[in-house]
4 protein chains.
Amino acid sequence: MTRGRPRSEESRRAVLSAALGLCERDGYQAVTLKDIAAAAGVGRQTLYRWWGEKAEILLEALGELAAEGLAAPEPSGDPAADLEEFLVRTFGSAGTYVGAVVVGVMVDGQGRPELGERVRRELIQPRRGELRPLLDRVLPPEVDRELAVDLVFGAMWYRLLNRHAPVDGAFAREVAAAVLRMAG
Amino acid sequence: MTRGRPRSEESRRAVLSAALGLCERDGYQAVTLKDIAAAAGVGRQTLYRWWGEKAEILLEALGELAAEGLAAPEPSGDPAADLEEFLVRTFGSAGTYVGAVVVGVMVDGQGRPELGERVRRELIQPRRGELRPLLDRVLPPEVDRELAVDLVFGAMWYRLLNRHAPVDGAFAREVAAAVLRMAG
Amino acid sequence: MTRGRPRSEESRRAVLSAALGLCERDGYQAVTLKDIAAAAGVGRQTLYRWWGEKAEILLEALGELAAEGLAAPEPSGDPAADLEEFLVRTFGSAGTYVGAVVVGVMVDGQGRPELGERVRRELIQPRRGELRPLLDRVLPPEVDRELAVDLVFGAMWYRLLNRHAPVDGAFAREVAAAVLRMAG
Amino acid sequence: MTRGRPRSEESRRAVLSAALGLCERDGYQAVTLKDIAAAAGVGRQTLYRWWGEKAEILLEALGELAAEGLAAPEPSGDPAADLEEFLVRTFGSAGTYVGAVVVGVMVDGQGRPELGERVRRELIQPRRGELRPLLDRVLPPEVDRELAVDLVFGAMWYRLLNRHAPVDGAFAREVAAAVLRMAG
DNA sequence: GTTTAAACGAGACGGTACGTCGAGTCTTCTC
DNA sequence: GAGAAGACTCGACGTACCGTCTCGTTTAAAC
């Protein structure tokens, strides 16, 4: 039996939406909990009650984004094409402000092991889990799957952080080709 | 003709050394300009005069570290062994607290384009420049060098950030083997 | 309609009290906003939110002091005695550390016209207003009231600043006698 | 036996002149030792070597000003006119920025007994000494001289500090008239 | 002339107070 | 009892001035 005023779903959505919007406009680092509360028309205490810090809010927002755009990865007959398509979609999304938010969340997790663990579990591992079966279908058994995942997503993260070159579909196709070449 | 009291080399070294020491003990994010000034026995204004922010201090400190441990990459007769040795050394160093400092500096550069550019120029590009000729000697001409560099260092950065697995000599050898496999 | 947490009257009183106490112990010039915050057990930001500078805090504190010790100036039958009593009370108070605080506040107002205006309005003019009717009852109409006020309070201020002689009841009686002599 | 380079009279004059100029332009409180050194084209150490603080510099500068405009107080046959003329000259000078500087110096002396003593000795007492004989010639013996001096200069200082009315020739004449009225 | 030593301009140094900002908590009123 | 508003404590930030110090240069008297 629960009592009292229930959590406001409206506030929750307003916070997530405001947080994403502010990140898109000002960049993750520049956004403040105060800003988010103001933009969402929400009390500051509400943020602390339900999330506690900026990274957790964005982590949840990113989760919703992923859930919306999940789109079942219908396995076509061509494993190589399936891999390429997955990477094109993933890298394409990472190339927008969403990638910057992901980087920001990861960055905040650097100094806080607990948050880092959540990032790993909710943001990183799911993607690894999606990539792994696609690689299974193109790689011979003697190639280590985890290493291959590190190489693929590593290249993406490296460019996201370092920005020496864009993260886009073209890059995704290059990386896919390199994997296939490794497959022999 | 310059006049006035010359900059104190002693203070400079004390600052760089204190900064590294505090990062090793407390982690990059936890270290404060105040802490560094206190640990170095130096006025806070001196830090702002010559560096201006934590990342710049550590950037310079990392530069000195790199200069000390440069060790000419004597090209032996075996290109594959040379590549592996370079990666073992590089990953080995990144596996210590130094890697955490590098991540911290990079992370701070995310929200500040100017600092990001310095990080890229002084920290990232030099390493890419060292790796490239080693790859030249093992990769066939049709494999894109920049892509290969992205894959190699990407894997390293991905693990540094994400910490799902160690960055060490074993990992360096796996990556080297994957590159050679890509070479066909 | 106002909402949110109301201003803490407790903090306000703690600040005013701490400020006066520190001034009494260390002298106005030596007291720091930091000191006041610490002594009052209050955040530094609170001082900046409500007052903004040392002089404003003491101005308010002096206002409260004046309000406490106002004591209606019951007009007796003897105008000369009333004048003398007023001056004895006023000079007596100015002779304590309170006079030093008043000087300090005035001094701070020298370089800031806005603050100077407040000091004039809240600290100086009220006292002139109290003195004027007392002078009216002892001075003939041809003597300029404002000049007389300047002479009386001027003598007090001159000694407060210059400290070549005490500001006390004896001095108050001398000044009162001089005024009566001017009255003819 | 003195040796070494002698003190530079040129620097000394440049400092005094720069100090007065800056006070006229920016007001005493706003002027900094750093500013004076820069404006005088002089090293900061030179200021500390010969003066030690702002007030001492201005004290010396005011002394030079007074020495320049001393003008012998030729006693005419009319004591009342002599008094009035003295006050008109004195108040006239105090009405310019010079008065503001005098106030500034006095104010700085509030928190430092040693400096206060110098101000009293070099700035205040000489003027009292000039006024006293002029009062002697107009006041009957039963009127206390020191009290009369306090009233006259007190009125001037009170207006200098408080600025509720100008310090000028007209005010000087009013004060002179009040003194004569006190004389009976 | 050469030496000697103090004063000089310049400017970096270690400190300290300032005023601002974001984080996280607390208090009051409203829904 | 959840939520909006906003005041609260705390502590890092970056700036400014202070008073000291360390340079290399200049100046004039002593030798």
Side-chain angles (χ1 to χ4, degrees), chain A residues 2-8 10-12 14-15 29-35 37-38 40-50 52-54, chain B residues 1-12 14 30-35 37-38 40-50 52-54, chain C residues 1-12 30-38 40-50 52-54, chain D residues 1-12 14 30-35 37-38 40-50 52-54:
Chain A
T2 58
R3 286 207 302 168
R5 182 174 176 175
R7 177 174 181 182
S8 160
E10 186 186 344
S11 288
R12 187 183 144 272
V15 167
Q29 328 282 338
V31 174
T32 280
L33 281 180
K34 212 172 186 173
D35 294 342
V42 139
R44 221 129 63 75
Q45 194 56 45
T46 300
L47 268 47
Y48 286 105
R49 191 182 344 264
W50 298 112
E53 65 176 295
K54 183 168 58 166
Chain B
M1 163 134 37
T2 58
R3 292 213 289 179
R5 180 175 179 174
R7 177 173 181 183
S8 160
E9 174 64 14
E10 186 185 344
S11 288
R12 186 182 144 272
V31 174
T32 280
L33 282 179
K34 211 172 185 174
D35 295 341
V42 140
R44 218 134 63 78
Q45 191 57 46
T46 298
L47 268 48
Y48 289 107
R49 187 175 2 255
W50 296 111
E53 63 176 297
K54 184 168 57 166
Chain C
M1 162 147 22
T2 57
R3 289 213 291 177
R5 181 177 179 174
R7 177 174 179 182
S8 160
E9 175 65 13
E10 187 185 343
S11 287
R12 186 182 144 271
V31 174
T32 279
L33 282 180
K34 213 172 184 174
D35 295 342
I36 297 176
V42 140
R44 218 133 60 78
Q45 195 58 46
T46 298
L47 268 47
Y48 288 105
R49 187 179 356 258
W50 297 112
E53 65 176 296
K54 182 169 58 166
Chain D
M1 163 151 19
T2 60
R3 286 215 294 177
R5 182 176 180 175
R7 177 174 181 182
S8 160
E9 175 64 14
E10 187 186 344
S11 288
R12 186 183 144 272
V31 174
T32 278
L33 282 180
K34 210 173 186 175
D35 294 341
V42 138
R44 220 130 64 80
Q45 193 58 48
T46 298
L47 268 49
Y48 287 105
R49 184 171 7 248
W50 298 112
E53 64 176 296
K54 182 168 59 165

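- Of the two residues near DNA chain E, C:P6 and D:R49, the one whose nearest nucleotide lies more 5' is D:R49.
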Protein-nucleic acid N or O pairs under 3.5 Å, nucleotides 2-4 of chain E:
| residue | atom | partner | partner atom | Å |
| --- | --- | --- | --- | --- |
| E:dT4 | O3' | D:R3 | NH2 | 3.2 |

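- Regarding C:E10, its CD atom lies at a distance of 15 Å from the P atom of E:dC26, rounded to whole Å.
- Contact detail for B:A14 and B:A40: the closest heavy-atom pair is O-CB, 3.6 Å.
- Contact annotation: B:T46 side-chain N/O to E:dG14 OP1/OP2 distance is under 4.0 Å.
- Contact check, D:S11 against E:dG9: a side-chain N or O comes under 4.0 Å of OP1 or OP2.
- One interatomic measurement links the two molecules: CD1 of C:I36 to P of F:dT9, which rounds to 14 Å at whole-angstrom precision.
- Following rounding to the nearest Å, B:L47 (CG) and F:dT15 (P) show an atom-to-atom distance of 12 Å.
- With D:K54 contributing its side chain and D:V31 its backbone, the two residues share a donor-acceptor pair below 3.5 Å.
- Taking a 6.0 Å sphere around CD of D:E10, one finds it holds 12 or fewer heavy atoms contributed by other residues, nucleotides or ligands.
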Contact state string [nucleotides 17-23 of chain E, B base, S sugar-phosphate only, - no protein heavy atom under 4.0 Å]: BSBBBSS
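- In this model, a side-chain donor or acceptor of B:R5 finds a partner on the base of F:dC21 within 3.5 Å.
- Without hydrogens or angle criteria, B:S8 side chain to B:S11 main chain gives a donor-acceptor distance under 3.5 Å.
- Remark: D:A37 engages D:R44, D:L47 in a side chain to side chain contact (heavy atoms under 4.5 Å, CB included) (not counting sequence neighbours).
- The phosphate of E:dA12 (OP1 or OP2) has no side-chain N or O of B:W50 nearer than 4.0 angstrom.
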